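Taking it in order: structure first as structure tokens, then the write-up.
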Amino acid sequence: LHPALGMTEISTFVSGAPGRPAPQGSVGYPQPGRRVAVVDPDGTPVREGEEGILAVHHSDPGLMRGYWRDPMATRAAFRGPWFLTGDRVRQARSGAITYLGRPEARLNAGGFRVSASEVEAVLDGCAGVAACAVVDLPVGPATTVIAAFVEGSAGGLDTDTLMGACEARLARYKCPRMIRQVSSLPRTATGKLKRAALVDQYGWKDTSP
């Protein structure tokens, strides 16, 4: 199996391959013929190894011409010649790209920024976990914690074991403060996680008059 990264606007454009497998932890390399860069929000390429937004040059033959009947959305998606995918990545000197998640999946842990996908990768690797989602969950007025929601196989999951796996592989501030098993995670019709729905369902709500 070889990982691949893609989106509707350009299909698959970064991947591993039999002749060039993706290094551990990465999603692979830009495919031959692709014009890819890692840029800041203004469209300026960042320095090698720095975190940035994965971008595709407008001349890439696989990139969409624009959003159907929506020129405003098309213009908003570009910074100069670069189409911004919205994916946060880091590119190594070898060209391998490591996926760090999307901006909406960045959590705030006591002032530190945490990638939800990094925490989810640890939980996904635990036995019995079918799927998971990590969110900033309100637990009181102006107070949030990193919370993990997991779908498990029949027989249930030991949340203490899952917490132990996080503590063994993540910095302390990145570890979830709460892990809860759910029968199913909320998803869109296309299968994407609806993190906001978890916050709405399980987060603290101010019920004072």
Side-chain angles (χ1 to χ4, degrees), residues 3-7 12-16 22-30 36-56 84-126 129-139 143-151 159 162-180 182 185-188 191-200 202-203:
L5 180 66
M7 59 192 306
T12 301
F13 64 112
V14 176
S15 66
Q24 181 68 31
S26 78
V27 291
Y29 303 90
V36 171
V38 182
V39 303
D40 65 20
D42 294 325
T44 302
V46 302
R47 290 182 295 183
E48 182 181 281
E50 285 189 350
E51 179 179 337
I53 303 168
L54 185 59
V56 183
L84 304 190
T85 66
D87 292 316
R88 307 292 301 185
V89 301
R90 184 180 295 112
Q91 188 169 29
R93 176 171 295 182
S94 67
I97 291 175
T98 298
Y99 179 78
L100 302 174
R102 295 182 67 83
E104 63 267 24
R106 306 291 284 182
L107 312 175
N108 185 354
F112 292 96
R113 304 306 293 171
V114 179
S115 168
S117 60
E118 182 180 4
V119 183
E120 289 167 354
V122 173
L123 293 170
D124 280 332
C126 295
V129 174
C132 66
V134 176
V135 301
D136 270 328
L137 189 72
V139 293
T143 304
T144 63
V145 298
I146 295 179
F149 296 85
V150 295
E151 289 181 12
T159 56
L162 298 180
M163 192 69 77
C166 291
E167 292 172 349
R169 296 183 57 186
L170 297 168
R172 184 175 179 82
Y173 72 88
K174 295 181 179 181
C175 293
R177 296 294 180 264
M178 181 188 103
I179 298 179
R180 179 167 182 164
V182 295
L185 294 171
R187 299 180 183 276
T188 67
K192 293 183 178 180
L193 284 172
K194 296 172 65 176
R195 300 176 194 274
L198 289 169
V199 174
D200 289 341
Y202 296 102

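Since the structure is predicted, the reported quantities are computational estimates derived from the model, not experimental observations.
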Of all the heavy-atom pairs spanning Pro176 and Val119, show the shortest one and how long it is. CD-CG1, 4.0 Å
Taking every non-hydrogen atom, the tightest pair across Pro138 and Val199: CD-CG1, 3.7 Å
Steps toward side-chain contact (heavy atoms from CB on, under 4.5 Å) verdict (Val135, Tyr202): CA-CA 11 Å; Val135 301; Tyr202 296 102; over 6 Å; no
Supply the atom-to-atom distance Cys132 SG to Leu162 CG, rounded to the nearest 0.5 angstrom. 9.0 Å
For Val39 and Ala55, work out which heavy atoms get closest and say how close. CG2-CB, 3.8 Å
Heavy-atom closest contact (Tyr29 atom, Pro23 atom, distance): OH-CG, 3.4 Å
Kindly give the heavy-atom pair with the smallest separation between Ala133 and Leu185, and that separation in Å. N-CD1, 4.0 Å
CG of Leu107 to CZ of Arg195, rounded to nearest 0.5 Å, is 7.5 Å
Main-chain N/O of Leu54 paired with Thr85 side-chain donor or acceptor, under 3.5 Å: yes
Asp42 side-chain N/O to Thr44 backbone N/O, donor-acceptor pair under 3.5 Å: no
If you round to the nearest 0.5 Å, how far is CD of Glu48 from CZ of Arg90? 12.0 Å
Measure from the side-chain N and O atoms of Gln91 to the backbone N and O of Ala37, and report whether any donor-acceptor pair falls under 3.5 Å. no
Residue pairs passing the side-chain hydrogen bond (donor to acceptor under 3.5 Å, both in side chains) test with at least one member in residues 165-177, sequence neighbours excluded, are Glu118-Lys174
Report yes if the side chains of Ile97 and Val36 come closer than 4.5 Å at any heavy-atom pair, otherwise no. yes
Gap between atom CD1 of Ile53 and atom CG of Leu100 - 0.5 Å precision: 11.5 Å
Apply the test side-chain contact (heavy atoms from CB on, under 4.5 Å) to residues Val129 and Glu151: give CA-CA distance (whole Å), side-chain angles for both, the deciding distance (0.1 Å), then the verdict. CA-CA 6 Å; Val129 174; Glu151 289 181 12; over 6 Å; no
In this structure, OG of Ser115 is separated from CZ of Arg88 (nearest 0.5 Å) by 10.5 Å
What I'd like to find out is whether the side chain of Val134 reaches to under 4.5 Å of the side chain of Leu123, using heavy atoms alone. yes
Short side-chain to backbone donor-acceptor contact, Thr144 and Asp136, under 3.5 Å: no
Atom of Tyr99, atom of Val89 and distance for their closest heavy-atom approach: CA-CG1, 4.2 Å
